Amino acid sequence: MSGYLAGRLAYSIFVLWGAITIVFVTVRVVPGDPAQLMVGAQGTRQDVEALRHRFGLDRPLPVQYGGYLAEAVRLNFGQSLRLEQPAVDAVIQRIPATALLALGAMTLAVAISLPLGIIAAMARSSILDRAVSAVSLVGQSVPNFWLGIMFILIFARTLRWLPSAGIGGAEHLILPAVSLALLVIGVLTRLVRSGLVDIIHEDYVRTAYAKGLSVRPVIVRHALPNALIPVVTVAGLQLGHLLAGAVVVETVFAWPGVGRLLVDAISNRDYPVVQVAVLFITAGFILVNLLVDLSYAYLDPRIRYR
Amino acid sequence: MGHTYTVEGNQGMTRRRFVRGTLTLAASAAGARMLPGALAAAAAPPSAPAGELKVSLPARIVALDPLGPQAAEEPVRIVAAHVFDSLVVRDTKTRRYLPSVATKWESPDPTTWVFTLRSGVKFHDGTPLGARDVKASLERMLRLRGPFAPLWAAVDTVEAPNDGTVRIKTKTPLGTMLANASLLSILPADKMEQPGFFNRPVGSGPFRVVSYRPDNELALEANPGYWGMPPGVRTLRFRDIPEIAARVTALITGEIDLTFALPPDQLAALEKQKGVQIVATPSYRYYFIWMNVKRDPFTDKRVRQAMIYALDIDTMIKSLMKGIARRMTCPIPSTVFGYSPQRAYTYDPRKARELLAAGGRPNGFEVTMIWNPDSGPQDRELAQALISYWNAIGVRVKDGQAERPQWLERLLKLDWDMDLQTNGVVTGDADFVLRRLYTTSANRMGYSSARVDQLLNDAAATVDQNKRKLFYAQANEIIWDDAVGIYPFELVQGYAYRTGVQGFIPSPSFPTFTTVTVKR
């Protein structure tokens with residue numbers, strides 16, 4: 001187990017290095033200059049040059065990259081060009097909000113798609129099954145910025161049940177979490193359904209019925225665990241999808257998270273913040289994948305890590 | 001549809017509001033059977049600030065440093081006006097400068113300005129504000145090379161001979177000294193360089209910072225030791241809501257009390273909304289389209305004029321801008337110092353074609369117009385409308401929409417045929433847009449006129465404001481007749497607020513909320 005973990009750790013560091021390198025180059029290759037944006041249209045060329053010098057952007061790219069890596073290994077990721085604070089602080093300040101939103105959405109998605117998938121699998125080809133498929137497909141296809149705005153208009157403006165924007169109590173979490181959850185509910189529901197549909201015709205399921213068990217214990221104790229491995233895998237992968245969706249949802253619902261910060265940093269070419277934000281998102285992704293892999297051993301006792 | 005609402009001038013506005021306020025008060029007093037004495041007491045200004053005002057600004061508050069690289073951003077300026085003081089303040093009604101931290105000022109010779117400071121002004125932490133704080137603030141701004149630093153390029157030395165006197169010497173006369181001084185926030189010299197200072201900055205303004213949660217909320221509280229008029233509310237919250245539909249909903253549900261810079265369709269919907277009021281006021285912001293004077297065929301003045309005659313500006317104002325724009329009659333908005341009205345280019349497609357032919361392009365030509373999707377209200381629709389008007393006279397304009405960083409890069413490199421954008425006269429003074437943009441050395445759209453250069457430089461280096469006005473009147477006329485750009489409309493700022501909000505004075509520049517009281 002520890003050998004396995006050490007290998008994964010080494011591999012993770014390699015992935016992180018790759019991610020920051022790609023981002024480092026990409027943000028600088030894209031047209032647009034942070035110093036120029038900051039000075040705006042009123043500044044002179046000298047003002048822009050002075051700012052570029054202060055940001056260290058007048059150095060050759062390999063020198064900038066070397067300097068960045070040397071500082072990054074000491075966990076110094078530079079000063080935000082725009083926010084007048086260390087880039088890493090800006091990101092860390094916003095991680096709790098995004099984590100809350102993503103976890104809330106994922107919990108909701110799992111809580112809804114498990115029963116839906118089971119119902120659809122049990123009543124295969126019935127109207128109920130088709131309705132579940134249709135609803136999950138729509139939920140996945142509707143653009144979530146549009147959905148978010150509709151939710152605000154319906155639940156905040158017309159019905160006045162929920163607040164329209166911002167972070168606060170549990171009532172603030174509902175609309176953004178639902179908008180985000182709908183992105184993955186469709187995929188998860190269909191996975192649970194197809195996994196179960198295959199399994200309920202297996203011999204061991206028939207055996208379970210034959211020994212006199214009722215439907216619920218057969219499904220929950222015998223069939224579902226075997227259908228869950230692909231679901232857990234996809235749920236983990238979908239977390240990346242959720243973080244991408246959070247960029248939009250956070251803007252619509254004024255949720256002060258990493259997604260909004262990242263959008264703003266990109267459109268203002270705040271290189272250090274973009275770099276740190278991507279680094280954290282990558283790290284989160286790596287961590288979730290590791291947890292997913294480890295959970296296989298729990299779900300399927302035949303799997304062992306060495 | 002043709003939907004519009006009244007644009008009130010500043011003076012009409014206050015009078016009407018005052019009358020309405022009195023009526024409401026009188027009615028409620030009668031209903032509650034209050035004694036005449038109680039009515040008088042209610043009408044008098046409140047002795048202590050009370051209540052809470054929640055405002056949502058059109059953009060996020062990026063930073064709280066009023067002298068740093070983000071100093072020109074609207075939210076930063078609005079916060080600065082509440083938390084910090086400046087030497088003088090601009091009265092947008094009379095376009096004059098009024099005393100603030102400076103009680104008087106004089107210019108003993110054209111390159112020297114002496115400001116006498118008010119005594120007894122204290123920062124929120126109790127330390128006194130003195131001349132060395134003013135000096136340190138100006139020097140910090142110059143050192144950080146923020147967006148306002150170029151305004152002070154003529155400054156030679158800043159001295160603080162004693163606690164109550166600031167002396168600024170300039171290399172050349174600085175005609176915009178007072179406009180500049182109105183934008184210079186004063187920070188405590190000893191503290192402003194401390195790390196973390198701007199997480200909860202200390203100023204001397206009517207409000208002090210209580211808490212700042214980026215992308216979420218900035219909470220301010222009335223400063224009990226303020227030297228001037230105490231603010232009307234005890235708590236002022238700036239809540240960040242980027243999505244317009246959510247912001248409008250929050251206003252309707254009462255989660256916020258006031259917001260502004262809404263697009264015409266949202267304003268129209270809000271007008272019918274009970275409990276919400278809308279006022280509009282002409283602003284310092286305007287739309288313009290430049291033609292690259294160095295590029296064929298815009299080298300010919302007749303071709304440039306043809307592009308203006310092709311546009312039905314009044315129809316665009318009515319059906320596209322729907323009440324948030326007014327026809328422009330000068331290269332700068334009518335709200336700004338230095339404005340002088342010019343004769344209009346009326347819609348005349350036939351004349352446009354004749355001018356094209358006279359300019360050697362009877363069959364039109366093809367060019368590209370750059371713009372960015374954050375440039376102003378209805379920008380996408382406006383770009384499309386312009387393109388189709390020009391198409392009607394045979395000029396094919398390609399849509400060169402680009403993300404803001406890319407647009408800015410092309411704009412400043414002069415890598416474009418035409419450019420559509422808005423601009424704000426941040427200082428309220430013609431110098432900010434004319435000399436910065438239209439001189440030969442500025443080289444922003446390729447225009448070069450020795451006469452305009454002379455006029456604009458003279459205006460900048462003249463301390464006598466009446467003389468400056470005459471210089472700008474001449475410069476405006478030349479720029480307008482030479483058709484350096486197309487100036488279709490100046491924008492009207494619409495403010496929407498809940499009816500409990502009283503005493504709000506809409507501003508052509510950045511709004512302030514010190515006069516507001518809130519009745520729930």
Side-chain angles (χ1 to χ4, degrees), chain A residues 30-51 54 80-85 89-90 93-94 97 145 148-153 155-158 160 162-168 175 250-257 260-261 263-264 266-269, chain B residues 56 60 62-65 68-70 72-73 144-151 153 195-199 213-217 239-256 374 402-412 421 423 426 432-433 436-437 441-442 444:
Chain A
V30 173
D33 174 45
Q36 196 162 71
L37 275 167
M38 202 160 288
V39 171
Q42 52 256 32
T44 60
R45 189 165 300 279
Q46 293 90 298
D47 293 322
V48 174
E49 286 312 315
L51 213 52
R54 215 177 85 205
S80 160
L81 307 184
R82 186 167 144 79
L83 302 175
E84 298 164 25
Q85 69 178 137
D89 289 4
Q93 259 174 9
R94 289 161 175 87
F145 69 87
I149 292 174
M150 287 304 123
F151 280 171
I152 290 172
L153 294 182
F155 296 103
R157 193 183 291 191
T158 309
R160 306 216 174 178
L162 295 165
S164 59
I167 192 167
L175 289 183
E250 285 179 357
T251 303
V252 171
F253 291 98
W255 194 264
R260 268 194 74 194
L261 180 72
V263 172
D264 188 73
I266 291 171
S267 53
N268 290 287
R269 303 291 189 266
Chain B
S56 187
R60 71 210 287 257
V62 175
L64 298 184
D65 181 354
Q70 316 298 335
E73 297 220 0
L144 293 183
R145 300 188 92 115
F148 293 138
L151 303 178
F197 174 78
F198 290 104
N199 294 334
R213 286 175 291 161
D215 292 355
N216 188 5
E217 188 188 81
R239 286 200 50 196
D240 184 26
I241 309 179
E243 169 58 40
I244 287 176
R247 194 153 19 106
V248 169
T249 300
L251 180 70
I252 292 172
T253 59
E255 289 165 84
I256 57 169
D374 306 310
E403 187 210 10
R404 187 174 153 76
Q406 300 182 33
W407 164 81
L408 188 62
E409 195 161 285
R410 286 189 68 181
L411 177 77
L412 297 181
Q421 66 174 106
N423 204 350
V426 179
F432 189 78
V433 278
R436 185 166 65 79
L437 301 176
S441 59
R444 293 294 299 280

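Heavy atoms only: backbone and side chains are in, while hydrogens, waters and symmetry mates are out. Since we're looking at a predicted model, the values are computed, not measured. Protein chains get the first letters and strands the later ones, always in sequence-line order, with residue 1 at the start of each.
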Check each atom of B:Leu144 against the heavy atoms of chain A and say whether the ones under 4.5 Å are side chain, backbone, both or neither.
-> both
Do A:Arg260 and B:Pro242 come close enough that some side-chain heavy atom pair is under 4.5 Å?
-> yes
Do B:Arg247 and A:Ile152 come within less than 4.5 Å of each other through their side chains, counting heavy atoms only?
-> no
The reported gap from CH2 in A:Trp255 to CG in B:Asn216 (rounded to nearest 0.5 angstrom) is 9.5 Å
Identify which of A:Thr158, A:Leu153, A:Asp264 forms the greatest number of heavy-atom pairs closer than 4.5 Å to chain B.
-> A:Asp264
How far does OG1 of B:Thr249 sit from CG of A:Leu162, to the nearest 0.5 angstrom?
-> 12.5 Å
Distance in Å, B:Leu64 CG paired with A:Leu83 CG, rounded so as to fall on 0.5 Å steps | 11.0 Å
By salt bridge (charged side-chain N to carboxylate O under 4.0 Å, His left out), B:Glu73 pairs with (sequence neighbours left out) A:Arg82
Could you walk me through whether A:Ser164 and B:Glu255 pass side-chain hydrogen bond (donor to acceptor under 3.5 Å, both in side chains), step by step?
-> CA-CA 8 Å; A:Ser164 59; B:Glu255 289 165 84; 3.0 Å; yes
Residue from B:Ala63, B:Pro69, B:Gly68, B:Ala149 scoring the most non-hydrogen pairs under 4.5 Å with chain A is B:Pro69
So do B:Pro214 and A:Arg94 actually touch side chain to side chain, heavy atoms under 4.5 Å?
-> yes
Using the test salt bridge (charged side-chain N to carboxylate O under 4.0 Å, His left out), find all partners of A:Arg157 that sit at least two apart in sequence or belong to another chain.
-> none
Give a yes or no on whether a salt bridge exists between A:Arg269 and B:Glu409, defined as a side-chain N under 4.0 angstrom from a carboxylate O.
-> no
Options A:Ser267, A:Gly257, A:Ala165, ranked by heavy-atom pairs under 4.5 Å with chain B, top entry | A:Ala165
What part of A:Leu37 is in contact with chain B, defined as an atom under 4.5 angstrom from a non-hydrogen atom: side chain, backbone, both or neither?
-> both
Which residue out of B:Arg239, B:Arg213, B:Arg60 racks up the most heavy-atom pairs below 4.5 Å with chain A?
-> B:Arg60
Checked A:Ala90, A:Gly148, A:Pro31, A:Ala50 vs chain B; the most non-hydrogen pairs under 4.5 Å come from A:Pro31
Step by step, work out the side-chain contact (heavy atoms from CB on, under 4.5 Å) result for A:Ile149 and B:Glu243.
-> CA-CA 9 Å; A:Ile149 292 174; B:Glu243 169 58 40; 3.4 Å; yes
With rounding to the nearest 0.5 Å, note down the distance linking CG in A:Asn268 to CD in B:Gln70.
-> 7.5 Å
Find out whether A:Glu250 and B:Asp215 are in side-chain contact, i.e. whether some heavy atom of one side chain is under 4.5 Å from a heavy atom of the other.
-> no
Turns out that what part of B:Val248 lies under 4.5 Å from chain A's heavy atoms comes down to both
Region of A:Gln93 in contact with chain B, defined by heavy-atom distances below 4.5 Å | side chain
Heaviest contributor of heavy-atom pairs below 4.5 Å to chain B, chosen from A:Ala156, A:Pro34, A:Gly166, is A:Ala156
